[in-house]
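First comes the structure, then the notes that go with it.
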Amino acid sequence: MLTYTRNEEGLFVCPDCGATKKNQSTMHYHMKKHEEKLNHACKVCKKEFLQKQTLDLHMRSKHPDNDTKKFKCTHDNCDFTSLTKGNCIIHYLRVHYQNEINEIMLKDGNTFSCIECENEFSSSSSFYYHCKDCIQFEDDNKYTKFKAL
DNA sequence: TAGCGCCCCCTGCTGGG
DNA sequence: CCCAGCAGGGGGCGCTA
């Protein structure tokens with residue numbers, strides 16, 4: 001089995017490809033990819049995934065049971081629900097903060113950039129997700145209050 | 001060092017209007 | 001064709017063995 005080492009900066013170094021990671025768990029995950037030990041298969045449809053969490057998400061979306069959790073949009077009179085908190089945040093900003101976002105969004109072809117922080121994003125989804133850091137909310141913590149149902 | 005769980009963030013694809 | 005939403009991957013953090 002391969003083992004990783006630390007360099008003089010204290011970073012974890014992959015002996016296989018030389019990649020460096022500052023977090024030990026991240027390097028551990030990286031090493032597993034080299035060893036191809038990340039096969040998580042769905043018991044129902046046999047589909048395979050790299051990560052257990054991805055398998056869990058697949059199970060919740062394709063083979064839901066009574067315990068399946070969803071995140072609900074906290075905006076007044078909005079019934080939107082999503083399997084992931086991230087998607088719920090994107091929905092919340094895209095739909096309910098459209099005006100605020102339009103003020104800071106600069107679209108150039110398929111590239112979305114933020115005039116507040118000058119970051120660029122390759123998709124609208126990632127731009128909207130990013131906007132939670134650049135937009136002034138009426139209720140600062142509202143987007144963090146999405147409840148798992 | 002190894003293993004696990006949980007989370008955030010980003011991305012690409014898809015389906016509906 | 002565009003956009004909202006879905007679903008998957010990468011990696012960070014914390015904890016325990």
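Just so it is clear: chains get the letters A, B, ... in the order the sequence lines come, proteins before strands, and each one is counted from 1.
- The closest side-chain heavy-atom distance from A:H91 to A:S82 is not below 4.5 Å.
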Identify all pairs in which a protein N or O lies below 3.5 Å from an N or O of nucleotides 15-17 of chain B, and state each distance.
none

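- Shortest non-hydrogen contact noted between A:I101 and A:R94 is CD1-N, 4.4 Å.
- Heavy-atom minimum distance, A:K72 versus A:D79: NZ-CA, 4.1 Å.
- Between the CZ atom in A:F112 and the CD1 atom in A:I104 there is a gap of 13.0 Å [rounded to 0.5 Å].
- Atom NZ in A:K132 sits roughly 9 Å away from atom P in B:dC8 (whole-Å rounding).
- Taking atom OH on A:Y129 and atom P on B:dT11, their separation rounds to 13 Å, with Å as the unit.
- Residue A:K107 places its side chain closer to C:dC3 than to any other of C:dA4, B:dC10, C:dC3.
- The distance from atom CZ of A:F121 to atom C1' of B:dG12 is 16 Å, rounded to the nearest whole Å.
- Atom pair A:Q98:CD and C:dC2:P shows a separation of 16 Å (rounding to whole Å applied).
- Distance SG/A:C134 to CE/A:M105: 13.5 Å, rounded to 0.5 Å.
- In this model, the phosphate group of B:dC10 is not approached by any side-chain N or O of A:S122 to a distance below 4.0 Å at OP1 or OP2.
- Summarising the geometry, the separation between CG on A:D56 and P on B:dC6 is reported as 8 Å, rounded to the nearest angstrom.
- The CZ-P distance, from A:F112 to B:dT11, rounds to 12 Å in whole Å.
- Scanning both residues, A:C73 and A:C88, for their nearest heavy atoms gives N-SG, 3.6 Å.
- Residues A:L106 and A:Y128 fall within the same hydrophobic cluster, defined by Ile, Leu, Val, Met, Phe, Trp and Tyr side chains chained together at heavy-atom separations under 4.5 Å.
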Which atom pairs link the protein and nucleotides 5-8 of chain C when you take only N or O atoms and keep those under 3.5 Å?
{"from": "C:dG5", "atom 1": "OP1", "to": "A:H91", "atom 2": "ND1", "distance (Å)": "3.2"}
{"from": "C:dG5", "atom 1": "OP2", "to": "A:H91", "atom 2": "ND1", "distance (Å)": "3.1"}
{"from": "C:dG5", "atom 1": "N7", "to": "A:R94", "atom 2": "NH2", "distance (Å)": "2.6"}
{"from": "C:dG5", "atom 1": "O6", "to": "A:S125", "atom 2": "OG", "distance (Å)": "3.3"}
{"from": "C:dA7", "atom 1": "OP1", "to": "A:K62", "atom 2": "NZ", "distance (Å)": "3.3"}
{"from": "C:dA7", "atom 1": "N7", "to": "A:N87", "atom 2": "ND2", "distance (Å)": "3.0"}
{"from": "C:dA7", "atom 1": "N6", "to": "A:N87", "atom 2": "OD1", "distance (Å)": "3.0"}
{"from": "C:dG8", "atom 1": "OP1", "to": "A:K47", "atom 2": "NZ", "distance (Å)": "3.0"}

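- In the hydrophobic clustering of this structure, A:F71 does not group with A:F80; members are Ile, Leu, Val, Met, Phe, Trp, Tyr whose side-chain heavy atoms approach within less than 4.5 Å, directly or through other members.
- A:I115 and A:E103 make their closest contact through CD1-O, 3.1 Å (heavy atoms, listed as atom of the first residue, atom of the second, distance).
- Here C:dA4 presents its P atom at 12 Å from CG of A:L93, a figure rounded to the nearest Å.
- Remark: P of B:dC8 and NE2 of A:H130 are 18 Å apart, rounded to the nearest angstrom.
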